[in-house]
Chemist: 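Sending over a structure as structure tokens; questions will come in a sec.
Per chain, numbering begins at 1; letters A, B, ... match sequence-line order.
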There are 2 protein chains.
Amino acid sequence: MTSGEPAGSEHRVSEGHAALAYDRIRQAVVEGAYGPGDRLVEQRISEEFSLSRTPVREALRRLESEGLVVFRRNRGAAVRSMSAEDVRDLYELRARLESYAAELASVRGSIGSCDAMDEAAEQFERQVDRSDDVGIARDDRVRALSDTNNRFHQTIVAAAGHERLTQMLAGAVDVPLVFRALRGFERSELQRSAEFHRMTAHAIRRGEGARAGRLMSEHILLGRDRLMEDLYRSDGAGRERE
Amino acid sequence: MTSGEPAGSEHRVSEGHAALAYDRIRQAVVEGAYGPGDRLVEQRISEEFSLSRTPVREALRRLESEGLVVFRRNRGAAVRSMSAEDVRDLYELRARLESYAAELASVRGSIGSCDAMDEAAEQFERQVDRSDDVGIARDDRVRALSDTNNRFHQTIVAAAGHERLTQMLAGAVDVPLVFRALRGFERSELQRSAEFHRMTAHAIRRGEGARAGRLMSEHILLGRDRLMEDLYRSDGAGRERE
DNA sequence: CCCACCCATATTGCGTACAAATTGGGTCAT
DNA sequence: ATGACCCAATTTGTACGCAATATGGGTGGG
């Protein structure tokens with residue numbers, strides 16, 4: 001630490017304060033603690049996390065480049081709010097990018113990465129099967145499901161071995177939406193997702209890139225359609241808070 | 001200004017110092033004034049531009065998110081150096097993204113945007129025709145050509161009306177490479193590019209999205225192939241300076 | 001009653017100071 | 001001569017303070 005902290009009060013600073021601020025703000029946005037349109041005032045956030053404004057500012061600009069927040073000149077950051085068209089477009093884009101990733105993974109992926117995909121797909125399936133276990137809070141179940149789902153998709157992206165594509169997908173997968181989508185899924189829809197995971201992984205393992213790409217695309221677009229039904233039944237979602 | 005400047009010494013600060021630093025560093029990288037692997041020390045750059053480190057730092061992180069520079073923990077920024085595989089992958093990605101943009105533009109583009117495409121395509125053609133005009137320095141010709149080429153591509157992206165895609169392409173089009181590619185093009189190759197511009201714009205105007213997408217993809221991949229021939233004949237390009 | 005204008009306030013944008021970490025070179029022991 | 005180690009210099013990471021700018025409410029005039 002430079003000066004402020006009592007030294008030893010945190011677990012690990014190894015990643016720096018900026019990265020910490022980034023993680024925390026991101027999680028808050030992803031899980032909806034900060035809703036679309038909410039302003040993200042640097043001063044307030046830095047106090048909330050007991051940091052200075054500098055790393056917070058850096059984190060916000062990084063989130064901006066990932067599209068999670070928007071900046072308005074001399075007005076600072078606010079959580080991005082998306083219209084129905086934005087959601088539709090974003091998912092189409094993501095479908096194309098991940099479809100490309102699946103194609104590449106079919107060609108470049110190692111046996112090990114295929115095993116990792118299968119492992120994630122199987123865990124997802126098990127979590128779906130246990131999805132009405134009342135022992136766990138709903139939000140925790142969704143979070144676990146979301147984590148596993150992310151791991152499956154990220155394994156494929158990693159197997160594609162395309163650094164720039166990886167970087168882009170980090171920004172194109174609008175995690176708040178994915179989280180919300182999984183939250184709204186019925187059990188049968190989760191099972192269908194699991195099915196697509198298996199089929200996609202299988203196609204990749206066999207080196208059938210075109211099929212893998214189409215399956216991945218369809219998987220994502222199915223998720224989109226379901227999500228949009230949800231979003232525009234309950235509330236307008238294009239709304240601005242405040 | 002806060003304190004440093006003599007007040008009134010610059011033309012317009014309306015965009016802020018950070019944006020200015022961003023523009024200047026970006027241009028330096030694009031045109032090769034800073035070569036791949038060169039370290040970008042904040043202190044030195046801020047003195048070079050008579051700013052403080054803060055806006056420079058912000059500009060560098062933005063360039064990082066666009067993939068032009070890389071950061072290494074506690075070592076700061078350096079101009080990204082790309083291997084042959086990186087270049088190949090990046091162009092493939094760009095081809096897919098711009099192909100998608102062309103498809104969208106075919107559906108969503110207005111008459112006005114089609115006119116703008118044609119205008120840019122025609123100007124490009126005229127500049128190619130004058131491309132052995134000895135009255136202008138080679139670098140200036142290349143810069144003008146590059147600007148017009150960018151305008152053509154950006155018009156299509158804008159016509160696609162997909163905010164996120166626009167943002168991504170801003171980072172996916174590795175401008176240093178495009179600049180270098182155009183620099184190395186023979187007249188006949190420039191003419192072929194102009195031809196593809198015309199064909200693509202025509203397909204978009206007629207609403208034939210699939211064709212427009214394929215033409216755009218082919219246009220970009222042809223550029224890639226030509227560029228890579230160039231890059232890996234002259235020098236290794238995967239090299240690290242310093 | 002409504003509109004234009006102005007001022008207090010909240011918040012960003014930038015400059016600067018200082019501490020921590022990495023690096024490269026020099027030194028000492030083997 | 002070679003290897004490990006340590007120290008100093010460079011450079012990043014963070015905190016903090018001040019000036020500039022947008023904002024929203026209140027006031028006066030039409």
Side-chain angles (χ1 to χ4, degrees), chain A residues 1-25 34 37-65 69-80 240-242, chain B residues 1-25 34 37-65 69-80 240-242:
Chain A
M1 300 307 81
T2 48
S3 59
E5 256 89 349
S9 63
E10 323 104 8
H11 309 285
R12 287 185 57 183
V13 202
S14 50
E15 288 285 353
H17 289 177
L20 185 129
Y22 170 80
D23 288 339
R24 295 199 54 179
I25 299 172
Y34 300 135
D38 284 357
R39 288 189 59 189
L40 299 168
V41 177
E42 298 173 2
Q43 180 78 39
R44 189 176 50 74
I45 296 179
S46 52
E47 280 166 11
E48 213 166 297
F49 299 165
S50 338
L51 305 167
S52 81
R53 276 176 56 211
T54 311
V56 171
R57 187 179 177 76
E58 192 169 316
L60 287 174
R61 302 224 86 118
R62 188 164 154 205
L63 289 165
E64 180 201 21
S65 78
V69 311
V70 291
F71 264 71
R72 281 169 52 193
R73 172 159 190 82
N74 282 322
R75 283 231 42 194
V79 178
R80 179 182 197 126
E240 302 261 349
R241 289 193 194 179
E242 178 177 2
Chain B
M1 297 308 79
T2 48
S3 60
E5 255 89 351
S9 63
E10 323 102 9
H11 309 282
R12 287 186 57 182
V13 202
S14 50
E15 287 285 353
H17 287 178
L20 184 130
Y22 170 81
D23 287 339
R24 296 200 51 179
I25 299 172
Y34 300 136
D38 285 356
R39 287 189 62 189
L40 300 168
V41 178
E42 297 172 2
Q43 181 77 40
R44 188 175 51 75
I45 295 179
S46 54
E47 282 167 10
E48 212 166 300
F49 299 166
S50 335
L51 305 167
S52 80
R53 276 177 54 213
T54 311
V56 171
R57 189 180 176 76
E58 192 169 315
L60 287 173
R61 303 225 86 118
R62 189 163 152 208
L63 288 165
E64 180 200 22
S65 78
V69 311
V70 292
F71 265 72
R72 282 168 51 193
R73 174 162 188 77
N74 281 321
R75 284 234 36 197
V79 178
R80 179 179 198 131
E240 303 261 349
R241 288 195 197 179
E242 175 184 10

Chemist: How many whole angstroms separate atom CZ of Arg62(A) from atom C1' of dG13(D)?
Modeler: 15 Å
Chemist: Quick check: closest heavy atoms across Phe71(B) and Leu60(B), and the distance to 0.1 Å?
Modeler: CE1-O, 3.8 Å
Chemist: If the cut-off is 4.0 Å, is Ser52(B) near the phosphate of dG15(C), judged by side-chain N/O to OP1 or OP2?
Modeler: yes
Chemist: For the helix from dC1(C)-dG30(D) to dT30(C)-dA1(D), how many degrees between its two end axes (five pairs per end), to the nearest 10°?
Modeler: 0°
Chemist: If I take atom CD in residue Glu47(A) and atom P in nucleotide dT14(D), what distance separates them, rounded to the nearest angstrom?
Modeler: 18 Å
Chemist: Kindly indicate, with the supporting measurements, whether the criterion side chain to side chain contact (heavy atoms under 4.5 Å, CB included) is fulfilled by Phe49(A) and His17(A).
Modeler: CA-CA 10 Å; Phe49(A) 299 165; His17(A) 289 177; over 6 Å; no
Chemist: Give the minimum heavy-atom separation between Pro55(B) and Leu51(B), together with the two atoms involved.
Modeler: CG-CB, 4.3 Å
Chemist: Would you name the heavy atoms of Ala59(B) and Ala18(B) that are closest together and state the gap between them?
Modeler: CB-O, 3.9 Å
Chemist: Side chains of Arg39(A) and Arg75(A): closer than 4.5 Å at any heavy-atom pair?
Modeler: yes
Chemist: Between atom OH in Tyr22(A) and atom P in dT14(D), what is the gap in whole Å?
Modeler: 16 Å
Chemist: Using whole Å, what does the distance between atom C1' of nucleotide dA15(D) and atom CG of Leu51(A) come to?
Modeler: 10 Å
Chemist: What closest approach, in Å, do Leu40(A) and Tyr34(A) show between heavy atoms, and which atom pair accounts for it?
Modeler: CD2-CD1, 3.7 Å
Chemist: Rounded to whole angstroms, how far apart are NE2 on His17(B) and P on dG13(C)?
Modeler: 13 Å
Chemist: Minimum heavy-atom separation for Ala78(A) and Gly37(A), please, with both atom names.
Modeler: CB-O, 4.1 Å
Chemist: Of the nucleotides dT14(D), dG15(C), dG13(C), which has the atom closest to the Pro55(B) side chain?
Modeler: dG15(C)
Chemist: Could you pull out the protein-nucleic contacts involving nucleotides 8-12 of chain D (nitrogen or oxygen on both sides, under 3.5 Å)?
Modeler:
| unit_1 | atom_1 | unit_2 | atom_2 | d |
| --- | --- | --- | --- | --- |
| dT12(D) | OP2 | Glu42(B) | N | 3.4 |

Chemist: For residues Glu58(A) and Arg57(B), determine if any side-chain heavy atom of one lies less than 4.5 Å from a side-chain heavy atom of the other.
Modeler: yes
